Number of protein chains: 2
Amino acid sequence: MTKKSERRVDALSKQGIIDAAIGILDSDGEAALTFRALAARLMTGAGAIYWHISDKDELLVAAVAHVVGRALRNVAESNDARGAIRALLLGVFDAIEAHPWVGTQLAREPWQPAMGHVFEGIGSRLAASGVPASRQFEAASALVNYILGAAAHRAAAARALPRGTDRTAFLGSVVARWVGDDIGAYPFVHSVAGQLRDHDDRAQFLGGIDLILAGLDWQIVT
Amino acid sequence: MTKKSERRVDALSKQGIIDAAIGILDSDGEAALTFRALAARLMTGAGAIYWHISDKDELLVAAVAHVVGRALRNVAESNDARGAIRALLLGVFDAIEAHPWVGTQLAREPWQPAMGHVFEGIGSRLAASGVPASRQFEAASALVNYILGAAAHRAAAARALPRGTDRTAFLGSVVARWVGDDIGAYPFVHSVAGQLRDHDDRAQFLGGIDLILAGLDWQIVT
DNA sequence: AATTGCATGGAACAATGTTCCATAATTAGC
DNA sequence: GCTAATTATGGAACATTGTTCCATGCAATT
């Protein structure tokens with residue numbers, strides 16, 4: 001029989017717990033991250049986890065910081081300042097695409113440290129690209145809002161398409177639910193239904209970024 | 001003694017339940033909306049509610065649809081097509097400011113009917129303002145992403161500032177947590193810390209909209 | 001060697017969304 | 001007008017969750 005409360009050889013640690021949480025989130029989704037599942041994966045009890053971590057919120061914030069931090073460190077350097085902004089935002093986008101729960105968490109808690117890093121990354125690159133100081137805050141905020149919305153969107157998409165579900169069919173059903181039997185009330189949705197079903201998310205994301213950056217150029221010129 | 005399961009004179013109804021839910025959400029916040037609180041407010045049991053509504057998700061979706069629908073109906077008409085877009089987006093923004101839980105719910109479930117209405121409203125006004133058909137979908141998507149990010153942001157702000165908390169102090173503490181003791185790592189955040197603390201959310205929101213609309217004009221011209 | 005603090009893990013607790021069910025009031029069928 | 005079926009009701013019961021408590025033993029310090 002096993003003695004109670006033995007000291008483990010592979011000691012628990014905050015980082016180990018975070019890694020296990022990320023593993024669960026990635027493989028089984030956001031709903032699967034429970035303290036019981038986490039305890040099972042770490043072969044311990046729920047109480048032991050709480051000695052290293054104060055609550056689930058801290059765990060999620062740390063997991064997001066881990067993923068976003070890595071994404072930001074891997075952003076390629078670029079001589080072109082505008083290209084650097086695009087690279088940064090695409091890096092975050094790709095990280096969310098690979099770990100959709102990150103999108104949910106960023107949208108739920110936008111003031112967590114990871115958002116500070118993103119904001120700093122955007123703002124410093126805006127400054128480097130010649131945006132006047134008076135416009136940097138507004139531009140960086142707009143880009144952060146935009147990426148936050150995209151994050152929420154991607155996370156919801158991943159939740160709705162759990163296992164290689166047919167994306168086109170799902171988006172088609174979304175349009176059908178919206179429009180219902182009253183096509184007349186949704187002329188625009190109806191006219192872009194095809195694009196809605198078949199568009200490339202990454203290209204669309206980048207298109208929005210370019211729209212904002214183009215607006216910045218325009219405002220600077222005038 | 002009370003007989004069991006009498007029929008009420010003021011019959012329960014889906015709309016009545018939704019109204020009660022909105023009342024709780026508005027006055028006591030998102031965390032306060034439980035089926036027990038709802039049952040208490042309606043002077044019934046949890047089971048009775050489930051006869052009218054399938055689950056909490058449907059309730060929240062209906063509550064959001066109610067608030068957003070009213071906001072969209074109250075958007076002022078405008079001869080100026082660009083002004084009409086601004087008016088629509090500001091209407092949604094103000095509705096979220098008045099009912100911050102709407103922001104949380106839109107971010108969690110971006111494919112709910114309310115988002116369809118917003119998307120349609122934006123798109124049809126873009127079309128009316130002369131945006132070529134080939135760019136309407138991208139532009140509308142960008143604006144939807146932007147407003148979704150702003151919605152998540154405003155909801156989080158309301159959650160963090162429960163009762164006339166000092167907004168400036170809170171935002172200052174956010175910056176302090178981000179930067180920590182390493183100012184050198186956050187030159188941009190440090191440089192805009194003042195604006196972050198004191199900015200006007202509504203003006204900032206509108207600024208982002210104008211940035212995107214300006215980008216649209218620029219892309220159309222070139 | 002004794003004491004103090006660190007860590008562990010399982011049991012217990014409170015809260016939540018949801019389901020079940022006994023029971024009435026209402027409606028439909030004859 | 002009676003009976004059967006349907007519509008509503010509301011409270012109890014259930015499963016699951018995050019979290020707290022606590023008995024236990026290991027490690028370091030005195």
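Every chain is numbered from 1 and lettered A, B, ... according to where its sequence line falls, protein lines coming before strand lines. No experiment lies behind these values; they were computed from the predicted model shown.
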- Message: Can you confirm if the aromatic rings of A:Y186 and B:F119 lie within a centre distance of less than 6.0 Å?
- Response: no

- Do the side-chain N or O atoms of A:T44 get closer than 4.0 angstrom to the phosphate oxygens (OP1, OP2) of C:dT8? no

- Message: Are A:H153 and B:W111 an aromatic pair, judged by ring center distance below 6.0 Å?
- Response: yes

- Rounded to whole angstroms, how far apart are CZ on B:R41 and P on D:dG10? 17 Å

- Message: Taking any heavy-atom pair under 4.0 Å as a contact, classify B:L12: base, sugar-phosphate, or nothing.
- Response: sugar-phosphate

- Can A:Q15 and A:D19 be said to form a side-chain hydrogen bond (donor to acceptor under 3.5 Å, both in side chains), step by step? CA-CA 6 Å; A:Q15 190 56 51; A:D19 290 342; 3.0 Å; yes

- Item | Whole-Å distance separating the CG atom of A:L33 from the P atom of D:dT17 | 11 Å

- For the pair made of NZ in B:K14 and C1' in D:dT9, what is the distance, rounded to whole Å? 18 Å

- What nucleotide among C:dG17, D:dT20, D:dT9 has an atom nearest to a side-chain atom of B:Y50? C:dG17

- Item | Nearest to side-chain heavy atoms of A:D55, which nucleotide of D:dT19, C:dT8, D:dT17 | D:dT19

- Toward the 5' end of DNA chain D, by each residue's nearest nucleotide, B:G47 or A:K56: B:G47

- Task: May I ask you to verify if any side-chain N or O of B:H52 is less than 4.0 angstrom from the OP1 or OP2 atom of D:dT7?
- Result: no

- Heavy atoms under 4.0 Å, any strand shown: does B:L38 hit a base, just sugar-phosphate, or nothing? nothing

- Message: Output the rounded distance in Å from CD1 (B:I49) to P (D:dT9).
- Response: 11 Å

- Query: Can we say A:R167 and A:D198 salt-bridge, meaning some charged N sits less than 4.0 Å from an Asp/Glu carboxylate O?
  - Reply: no

- Atom CG of B:D10 to atom C1' of D:dT9: distance rounded to whole Å? 12 Å

- Task: Take A:A46 and A:W51, find for each the nucleotide of DNA chain C with the closest heavy atom, and name the residue whose nucleotide sits nearer the 5' end.
- Result: A:W51

- Rounded to the Å, how far apart are A:E58 CD and D:dG18 C1'? 15 Å

- Query: What is the nucleic acid contact for B:L42, judged by heavy atoms within less than 4.0 Å: base, sugar-phosphate only, or nothing?
  - Reply: nothing

- Query: Is the gap between the ring centers of B:F93 and B:F205 under 6.0 Å?
  - Reply: yes

- Message: In whole Å, I'd like the distance from the CD1 atom of A:I53 to the P atom of C:dC6.
- Response: 18 Å

- Describe the nucleic acid contact of B:A39 in one word from base, sugar-phosphate, nothing, applying a heavy-atom distance below 4.0 Å. nothing

- Message: I want to verify a distance call: between D:dT9, C:dT18, D:dG18, whose nearest atom is closest to the B:F35 side chain?
- Response: C:dT18

